[in-house]
Undergrad: 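After the structure tokens below, expect a handful of questions from me.
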Amino acid sequence: HVQLVESGGGLVQAGGSLRLSCAASGGTFSTYTMGWFRQAPGKEGEFVAAISWRASSTRYADSVKGRFTISRDNAKNTVYLQMNTLKPEDTANYYCAADRTIITSLRASDYDYWGQGTQVTVSS
């Protein structure tokens, strides 16, 4: 059974940075596509970023392109989300997810395993 545990969330001022981490256990992390999603109160969840199993392919939501960077360290079974130039509209609970296929999907329904989330709050 795959477990994903996010960390690194917190409160930051607009324009600041945070780095989220997601540690995986119980599976073959190096073969999974990994993604980050977020959900703000009262809003639907949305795709943020994804990275292929060898990190050869990354995808980003338009709203975070140029500000967020997804990366992974397969030796540490960890995926990261570096978030720069944060905006109040980035405030949300951020979830990492693992997909057993090789497709770098934007769809939450394609992901098989999910973490519990870490809260990011950006003050104006």
Side-chain angles (χ1 to χ4, degrees):
H1 181 67
V2 176
Q3 287 189 315
L4 303 174
V5 180
E6 302 95 335
S7 61
L11 174 63
V12 64
Q13 288 189 332
S17 298
L18 284 175
R19 187 175 84 153
L20 305 183
S21 299
C22 173
S25 61
T28 51
F29 175 83
S30 62
T31 68
Y32 299 150
T33 293
M34 298 299 296
W36 286 96
F37 293 79
R38 66 187 182 185
Q39 185 167 22
K43 295 186 178 181
E44 292 188 358
E46 63 174 344
F47 168 80
V48 176
I51 187 166
S52 62
W53 65 285
R54 289 191 299 181
S56 57
S57 173
T58 57
R59 303 182 75 175
Y60 295 93
D62 288 343
S63 58
V64 307
K65 277 181 185 176
R67 300 188 299 122
F68 291 11
T69 303
I70 189 170
S71 61
R72 66 190 297 161
D73 185 337
N74 286 345
K76 295 183 178 180
N77 287 356
T78 302
V79 62
Y80 305 97
L81 185 68
Q82 177 67 44
M83 306 186 295
N84 298 329
T85 320
L86 282 161
K87 304 175 181 180
E89 51 264 43
D90 294 318
T91 295
N93 206 3
Y94 284 71
Y95 300 88
C96 77
D99 178 359
R100 292 174 293 180
T101 71
I102 63 172
I103 299 171
T104 314
S105 176
L106 280 65
R107 296 184 303 190
S109 59
D110 286 337
Y111 287 78
D112 303 293
Y113 308 107
W114 291 82
Q116 293 300 307
T118 185
Q119 178 67 36
V120 171
T121 303
V122 185
S123 63
S124 58

Undergrad: I need the full list of ring-ring contact (aromatic ring centres under 6.0 Å, His included) pairs touching residues 73-104, with sequence neighbours left out, sorted by first then second residue.
TA: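 Checked against ring-ring contact (aromatic ring centres under 6.0 Å, His included) - neighbours excluded - no pair reaches residues 73-104.
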Undergrad: Go through the structure and list residues passing side-chain contact (heavy atoms from CB on, under 4.5 Å) with Arg67, not counting sequence neighbours.
TA: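 Here the qualifying residues are Val64, Thr85, Lys87, Asp90.
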Undergrad: Dump the intermediate steps for side chain to side chain contact (heavy atoms under 4.5 Å, CB included) on Tyr32 and Asp112, then the final yes or no.
TA: CA-CA 10 Å; Tyr32 299 150; Asp112 303 293; over 6 Å; no
Undergrad: Under 3.5 Å, side chain of Gln39 to main-chain N/O of Ala92, donor-acceptor pair present?
TA: no
Undergrad: Is the number of heavy atoms from other residues, nucleotides or ligands within 6.0 Å of CG (Leu11) greater than 12?
TA: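 Counting neighbours around CG of Leu11, more than 12 heavy atoms of other residues, nucleotides or ligands fall under 6.0 Å, so yes.
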Undergrad: Residues two or more places apart in sequence or in another chain: which of them pass ring pair (Phe, Tyr, Trp, His ring centres under 6.0 Å) with Phe37?
TA: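 Testing Phe37 for ring pair (Phe, Tyr, Trp, His ring centres under 6.0 Å), a comparison that skips the adjacent residues, returns Phe47, Tyr111, Trp114.
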Undergrad: Between Thr104 (side chain only) and Thr58 (backbone N and O only), is there a donor and an acceptor less than 3.5 Å apart?
TA: no
Undergrad: Identify, with sequence neighbours excluded, every residue that meets side-chain hydrogen bond (donor to acceptor under 3.5 Å, both in side chains) alongside Ser7.
TA: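 With sequence neighbours excluded, Ser7 shows a side-chain hydrogen bond (donor to acceptor under 3.5 Å, both in side chains) to no residue whatsoever.
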Undergrad: Holding to salt bridge (charged side-chain N to carboxylate O under 4.0 Å, His left out), I want the full list of residues that pass it with Lys65, two or more places apart in sequence or in another chain.
TA: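 Here the qualifying residues are Asp62.
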Undergrad: Set out, in order, the CA-CA distance, both residues' side-chain angles and the distance that settles side chain to side chain contact (heavy atoms under 4.5 Å, CB included) for Arg100 and Tyr113, then state yes or no.
TA: CA-CA 9 Å; Arg100 292 174 293 180; Tyr113 308 107; 3.7 Å; yes
Undergrad: How far apart are the C-alpha atoms of Thr33 and Ile103, what are their side-chain angles, what is the distance that settles it, and do they pass the side chain to side chain contact (heavy atoms under 4.5 Å, CB included) test?
TA: CA-CA 7 Å; Thr33 293; Ile103 299 171; 5.9 Å; no
Undergrad: Does Val12 belong to the same Ile/Leu/Val/Met/Phe/Trp/Tyr cluster as Phe68, with side-chain heavy atoms less than 4.5 Å apart forming each link?
TA: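 Val12 clusters together with Phe68.
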Undergrad: Around atom CD of Gln116, are there more than 12 heavy atoms from other residues, nucleotides or ligands closer than 6.0 Å?
TA: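 It does not: Gln116 CD has 12 such atoms or fewer within range.
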Undergrad: Show every donor-acceptor pair shorter than 3.5 Å between a side-chain atom in residues 14-27 and any protein atom, with sequence neighbours excluded, or say none if there are none.
TA:
{"from": "Ser17", "atom 1": "OG", "to": "Asn84", "atom 2": "OD1", "distance (Å)": "2.9"}

Undergrad: Side-chain heavy atoms under 4.5 angstrom apart, residues restricted to Ile, Leu, Val, Met, Phe, Trp, Tyr: same cluster for Trp53 and Ile51?
TA: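 In one cluster with Trp53: Ile51, no.
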Undergrad: Can a donor-acceptor pair be found, under 3.5 Å and without considering hydrogens, that links the side chain of Arg72 to the backbone of Ser52?
TA: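 A pair under 3.5 Å: yes.
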